[in-house]
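Excluded from the calculations below are hydrogen atoms, water molecules and symmetry mates; all remaining heavy atoms, backbone and side chain alike, are included. Note that the structure is a prediction, hence the values are computed from the model and not measured.
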Amino acid sequence: MRHRIAIFSNGFNGSITLKAIEGIRKYAAIKDFDTHFYVGFAAYSEDEQYNIGQFNIYKLADLEEYDGLIVFSGLLNNTELARKACLDAKERGVPVVSIGMEIEGIPYVGINNRDGMKDLVEHLVTEHNVRNVVYIGGARGHVDTIERGQVVSEVLESHGLKLEEKNYYYGDWVNERAIDITDKLSSDPAGLPDAIICANDIMALAVITELSNKGYTLPDDTIVTGFDHIEEGTASFPALTTVDQDYVAVGYNSCKLLYDIVEGKTDGKYSAVSSKLFVGESCRCNTELDGDFALSRREYCRGIHNRSKMADFFNRYMDEEKKKILESKDYESMKAALREFYSCSQEYSGDNYYIALNRKYFEDVVAEDCDTLADCYEAEFDYTVALLNGAISEEEIDGKIRLPGFVRTPGEQHIYSFYPLHNQQYSYGFVVFRDGTYMLEESFRVHEYLQKLKHTLQELRINMRLEMAVKELRFLYDKDPMTGLYNRFCFVSHAVPLMETSKEHGKKSMILFADINYMKKINDGYGHIYGDKAITIVANAIRKSIEGREAIGIRYGGDEFVVIAADADEAFAEKVKHDMNAYIEKENKLGVNPFTLSISIGYVLTDPDADKSVDDYVDEADALMYEIKNQYHKEHPKD
């Protein structure tokens, strides 16, 4: 055996998952295995492309490297994906167990929704005389939505009551939809129903909060109940009446069933864990001022300052990480900055933490996501951060498990949690935490961390793309489009610093002016196409003559050119002049142009000790060039 299992889960069900982890740890201690959670944050309220990016994390797992797979099928927020994951594992010969959703041919551990929900509705009808009931289910078509709703209808019918079709809603398991439904109910002229039964605690708490914000007094004005028994529901006011699902037993039983299959003790079976009514205050029970729930709230309130403080620390932590990332200029500098950050800041990440990124995505920043990230998690990933036992690790990566230095220690059981990094449906990385940290125990804190990290990485990539665009624009602004030489506008930004650097080192610079002789006659006699050809030849002559030297060529005007060279002397200046004329003479001998090209050149060398400005030297070189040009015209007159 490999002594590790893979689990596909959803991060929005963190409180449920944490209960399951208790059971998993108990069984892991018996069988001595590690647990690898692959966690997405898909939600029915999110758009499809975003959810694809979250679902992609399940593609990261190489299932053949595990003893088996457990899928929280009922919680993934995509029944078809859950079905496909289980059936693919079975087809590949990997033992698999489904939790919360029956899939034909797949061993299954489920919650008996009926027992707990039946007791809850019976309690409302018989103890609180509830008659008019609203049911807020989860997603339309979800097995838990359907089964829990059926129980509500059956119990009501057994008492001569009916769950009206208009009172059956779908809240998609999330706050936003539950709030919308609550707003609709509160605006009904007939008033609120006797009870609002929600298919999970998250929606129930959203209903209670929204009604309280609208001025209703709960549970006096209406009863609200949930399903799940999450910790937040117990500490809220009023404490939720709900259904407790024993996910500790679910975690334990799913692992036991998986290893029974691995060891050939069974080829698969159905296992159901009972649910039970948990009576809180939201149904008007247990409202004593000194009761257990009041004590729970007092304990919760005692920790409010600490939670607020931790939230402030967390935000500062994330701001510092964001600063490190956005100060980076490229992938390598970002990698160095993050490694430095996490080598010193481990209060949230823990001492075993990894960030893996598709390096190409941050190096080819102009490429489209659909091209660069087409391979999803089949691509090669670079471990931007690899924190192993508190120190940055350079150990080799286990290519199949996707963890650097991954070596199991017999007798130790660890939980690794893999989370996706993506831009909509395109995945460019993942992060990995090991064992319990503050962020793992606060599931929405993990989500917040991932969202901020993703946004910062995307902002960095956008910044790098913008910087590249700015460089291209700067190039276009600085360069003459016809010749490729610098243009006159960049004289101050490029030429002046070159000369000042020479002066600081006590060296001379060269300023050379060149002008095409009889340029107007070339344009008038042969057309501007050949005039442009003449300008291009001179530009090429300049480029060739200063190749390999600390010098730049500038198209200073229409047919005027300037060459600036640092650390120059008379011999260098004469060589540049000679090479330019030689290049032009070679072009003339080719005989491909209808004109004979020549240029006038004047140059000066600067004196590093003289109190002269750059403009002074430019004027001198310009004047010398015109003296030479006038002399040329006298010696070579043209009609």
Side-chain angles (χ1 to χ4, degrees), residues 1-41 57-76 82 85-86 89 94-100 107 109 246-263 271 273 349-354 356 388-389 398 400-420 430-443 446:
M1 289 194 296
R2 294 176 174 82
H3 294 281
R4 53 179 171 258
I5 65 170
I7 296 182
F8 294 172
S9 184
N10 186 298
F12 283 128
N13 300 285
S15 56
I16 290 175
T17 304
L18 285 171
K19 289 181 181 179
I21 285 175
E22 288 185 44
I24 292 169
R25 279 179 169 153
K26 289 178 181 178
Y27 201 75
I30 297 172
K31 290 294 183 179
D32 190 21
F33 61 81
D34 282 351
T35 308
H36 289 198
F37 272 90
Y38 294 86
V39 186
F41 283 92
I57 193 64
Y58 309 127
K59 297 179 180 179
L60 182 64
D62 186 352
L63 295 183
E64 281 79 4
E65 294 301 312
Y66 293 94
D67 291 335
L69 170 68
I70 296 173
V71 181
F72 279 79
S73 302
L75 302 179
L76 292 190
C86 290
V94 178
V96 58
V97 171
S98 173
I99 294 177
V109 175
D246 189 356
Y247 262 91
V248 176
V250 169
Y252 185 93
N253 290 359
S254 61
C255 290
K256 184 177 187 307
L257 177 55
L258 183 68
Y259 273 96
D260 282 348
I261 298 169
V262 171
E263 295 169 354
S271 172
V273 176
S349 65
D351 59 4
N352 285 269
Y353 172 72
Y354 313 93
L388 185 63
N389 297 323
D398 185 321
K400 296 179 179 179
I401 303 301
R402 305 292 181 96
L403 284 176
F406 177 74
V407 178
R408 280 205 74 253
T409 303
E412 293 183 9
Q413 300 87 44
H414 297 289
I415 294 178
Y416 292 84
S417 299
F418 297 75
Y419 295 94
F430 57 94
V431 301
V432 188
F433 297 94
R434 191 182 85 172
D435 298 330
T437 70
Y438 173 75
M439 291 204 313
L440 282 176
E441 292 164 5
E442 297 279 349
S443 60
V446 178

Side-chain atoms of residues 247-257: list all donor-acceptor pairs with protein atoms under 3.5 Å, sequence neighbours left out, distances to 0.1 Å.
unit_1 : atom_1 : unit_2 : atom_2 : d
Ser254 : OG     : Val250 : O      : 3.0
Ser254 : OG     : Gly251 : O      : 2.9
Lys256 : NZ     : Asp260 : OD2    : 3.1

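- With ring centers used as reference points, Phe41 lies under 6.0 Å from Phe12.
- Across every non-hydrogen atom of Val39 and Gly11, the tightest pair is CG1-N, 3.3 Å.
- Heavy-atom minimum distance, Glu412 versus Asp32: O-OD1, 3.4 Å.
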With side-chain contact (heavy atoms from CB on, under 4.5 Å) as the test, would you mind laying out the steps for Arg434 and Leu403 before giving the verdict?
CA-CA 11 Å; Arg434 191 182 85 172; Leu403 284 176; over 6 Å; no
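- Residues Ile99 and Ser73 fail the side-chain proximity criterion, which asks for heavy atoms closer than 4.5 Å.
- For the residue pair Pro420 and Ile57, the shortest heavy atom distance occurs at N-CD1, 3.7 Å.
- For Val97 against Val109, the heavy-atom pair with the smallest separation is CG1-CG2, 4.0 Å.
- When ring centroids are compared, Tyr259 and Phe33 come within the 6.0 Å threshold.
- Using a 4.5 Å heavy-atom threshold, the side chains of Ile5 and Ile70 count as touching.
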Step-by-step ring-ring contact (aromatic ring centres under 6.0 Å, His included) determination, Phe406 to His36:
CA-CA 12 Å; Phe406 177 74; His36 289 198; 5.5 Å; yes
Please set out all donor-acceptor pairs under 3.5 angstrom arising from side-chain atoms of residues 16-27, sequence neighbours excluded.
unit_1 : atom_1 : unit_2 : atom_2 : d
Thr17  : OG1    : Ser9   : OG     : 3.3
Thr17  : OG1    : Asn13  : O      : 3.0
Lys19  : NZ     : His229 : O      : 2.6

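- Considering every non-hydrogen atom in both Pro95 and Leu258, the closest pair reads O-CD1, 3.5 Å.
- A heavy-atom distance below 4.5 Å is not found between the side chains of Glu65 and Asp398.
- Leu60 is listed as a side-chain neighbour of Phe430, based on a closest heavy-atom distance under 4.5 Å.
- Note: Leu69 CG to Tyr38 OH = 10.0 Å, rounded to the nearest 0.5 Å.
- Between Asp67 and Lys31 there is no salt bridge, since no side-chain nitrogen of the basic residue lies less than 4.0 Å from a carboxylate oxygen of the acidic one.
- If you look at Tyr66 and His3, their ring centroids are not closer than 6.0 Å.
- Between Ala89 and Leu63, the closest heavy-atom pair is CB-CD1, 3.9 Å.
- A salt bridge is defined here as a Lys NZ or Arg NE, NH1 or NH2 lying under 4.0 Å from an Asp or Glu carboxylate O, and Lys400 with Glu64 fails to meet this definition.
- In the model, Gln413 has no side-chain atom that pairs as donor or acceptor with a side-chain atom of Asp34 under 3.5 Å.
- With Phe433 as reference, Tyr353 is the one residue of Phe418, Tyr353, Tyr416, Tyr354 to meet the ring pair (Phe, Tyr, Trp, His ring centres under 6.0 Å) rule.
- A donor-acceptor pair under 3.5 Å is formed between the side chain of Asp435 and the backbone N or O of Ile415.
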